[in-house]
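Throughout, a chain's letter reflects where its sequence line sits, starting with A, and its residues are numbered from 1.
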Number of protein chains: 2
Amino acid sequence: MTNYKPTESELEILSILWEFGPSTVKFVNDKLNEKKEVGYTTTLKIMQIMFDKKLISREKLGRSHIYKSKIKKDETQGILLEKILETAFSGSASKLIMQALGRSKTSKKEIEEIKKYIEKIERGQDGAQ
Amino acid sequence: MTNYKPTESELEILSILWEFGPSTVKFVNDKLNEKKEVGYTTTLKIMQIMFDKKLISREKLGRSHIYKSKIKKDETQGILLEKILETAFSGSASKLIMQALGRSKTSKKEIEEIKKYIEKIERGQDGAQ
DNA sequence: CTTAAACTACGAAACTTTTCGTAATTTGAT
DNA sequence: ATCAAATTACGAAAAGTTTCGTAGTTTAAG
């Protein structure tokens, strides 16, 4: 189950759980609806499927369930990046990174963070070759 | 039609067209089969669908067609990154970049490229390429 | 000109994911 | 204890994507 790539809808739900922590279906559905219209039972159904797939766990509270992500944000991000890296960037991380740098309005602060991170990599164990 | 996010299969085909230039179905199918088994008519069908969607154009040569991507690699990469950025990285490009740097065995040469690119951005004009 | 091989066209099945309606259940409030 | 509102359960339709078989067309080669 590690290495599972969530579907689009699943990912949207996971994002909310990652950002806001354990939540009810109602809360998740409200959040989703800030971006686009989604029916309540649609969200419920997908969360039930995710529960069956063990992507999320739940706990009963009052008459509702509180759902919680069982998979880690970092791992999932990694899986998604890996996938996109292979299929769209022929495995070249630098191309991906430059695309990301180029197209986003990355703030100076963010760029500083990235530079620091690179320095850290260069000092420590460096990459292949 | 700009901002179209290709399906998984479509993307695999586009990658081949981007890498090798205009190609026949046979060529594309052979390339695909280097990674996983795919039937010839499956590839054909998907390319026909892509043609209908105007993702690719074609030209008759002998008894076959030569297909060519109509959408740009950079743009498509951008669309895919944008999507993943929104859904998995809550819009933070720096987080995405650090994840990418962190998890890949990025070579020194690649890191140098990235550093140069960052310096270029810092000097002034951002915007890609 | 004939024909076998190479290709294309295309419907339909098989899957996967999302959406939705309806019924059943639970519980907080009276 | 009752019941309306909140919530869950779940089947099935709808939508999207991939796979495949078969039939039809085209053309290179004799």
**Student:** Write down the distance between CD (A:Q48) and P (D:dT7), rounded to a whole number of angstrom.
**Tutor:**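 My rounded result for the distance is 14 Å.
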**Student:** For the pair made of OH in B:Y40 and C1' in D:dT18, what is the distance, rounded to whole Å?
**Tutor:**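 Nearest whole value for this atom pair: 17 Å.
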**Student:** Nearest-nucleotide wise, let me know which of B:Y67 and A:G39 is further upstream toward the 5' end of DNA chain C.
**Tutor:**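 Looking at DNA chain C, the more 5' nearest nucleotide goes with B:Y67.
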**Student:** Is it true that B:E19 and B:K31 have a side-chain N and a carboxylate O under 4.0 angstrom from each other?
**Tutor:** no
**Student:** Would you indicate what B:K45 reaches in the nucleic acid, counting non-hydrogen atoms under 4.0 angstrom: base, sugar-phosphate, or nothing?
**Tutor:**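 Base, at least one base heavy atom under 4.0 Å.
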**Student:** Should we say atom NZ of B:K73 is surrounded by more than 12 heavy atoms from elsewhere, each under 6.0 Å from it?
**Tutor:**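 More than 12 heavy atoms, drawn from other residues, nucleotides or ligands, come within 6.0 Å of this atom.
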**Student:** Below 4.0 angstrom, N of the basic side chain to O of the carboxylate: do A:K115 and B:E122 qualify?
**Tutor:** yes
**Student:** With the threshold set at 4.0 Å, does a side-chain nitrogen-carboxylate oxygen contact exist between A:E8 and B:K5?
**Tutor:** yes
**Student:** Rounded to whole Å, please give me the gap between CG in B:D52 and P in D:dT17.
**Tutor:**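 From B:D52 CG to D:dT17 P: 14 Å.
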**Student:** At less than 4.0 Å, is any side-chain N or O atom of B:S9 found next to OP1 or OP2 of D:dT17? Yes or no.
**Tutor:** no
**Student:** Which is true for A:E10 with a 4.0 Å heavy-atom rule: it touches a base, it touches only sugar-phosphate, or it touches nothing?
**Tutor:**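 Nothing, no heavy atom under 4.0 Å.
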**Student:** To the nearest Å, give me how far apart CZ (B:R58) and P (C:dC7) are.
**Tutor:**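 It is 15 Å, rounded to the nearest whole Å.
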**Student:** Just checking A:T41: base, sugar-phosphate only, or nothing, at a heavy-atom cut-off of under 4.0 Å?
**Tutor:**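 A:T41: base contact, heavy atoms under 4.0 Å.
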**Student:** Could you run through nucleotides 23-30 of chain C and give me one letter per nucleotide, 5' to 3': B if any protein heavy atom sits under 4.0 Å from the base, S if only the sugar-phosphate is that close, - if neither?
**Tutor:** ---SBS--
**Student:** In whole angstrom, what separates A:E59's CD from D:dT7's C1'?
**Tutor:** 17 Å
**Student:** Applying side-chain hydrogen bond (donor to acceptor under 3.5 Å, both in side chains), run through A:E10 and A:Y4 and close with a yes or a no.
**Tutor:** CA-CA 11 Å; A:E10 287 172 348; A:Y4 173 76; 2.8 Å; yes
**Student:** For B:M47 and C:dC7, give me the distance from atom CE to atom P, rounded to whole Å.
**Tutor:**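 Computing the B:M47:CE to C:dC7:P distance gives 13 Å.
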**Student:** Report the distance from atom NE2 of B:H65 to atom P of D:dT27, rounded to the nearest whole Å.
**Tutor:**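 Whole-Å distance recorded here is 9 Å.
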**Student:** Are any non-hydrogen side-chain atoms of B:V25 and B:H65 less than 4.5 angstrom apart?
**Tutor:** no
**Student:** Within this structure, what is the CG-to-C1' distance between B:L44 and C:dG11, rounded to whole angstrom?
**Tutor:**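 After rounding, the gap between these two atoms is 13 Å.
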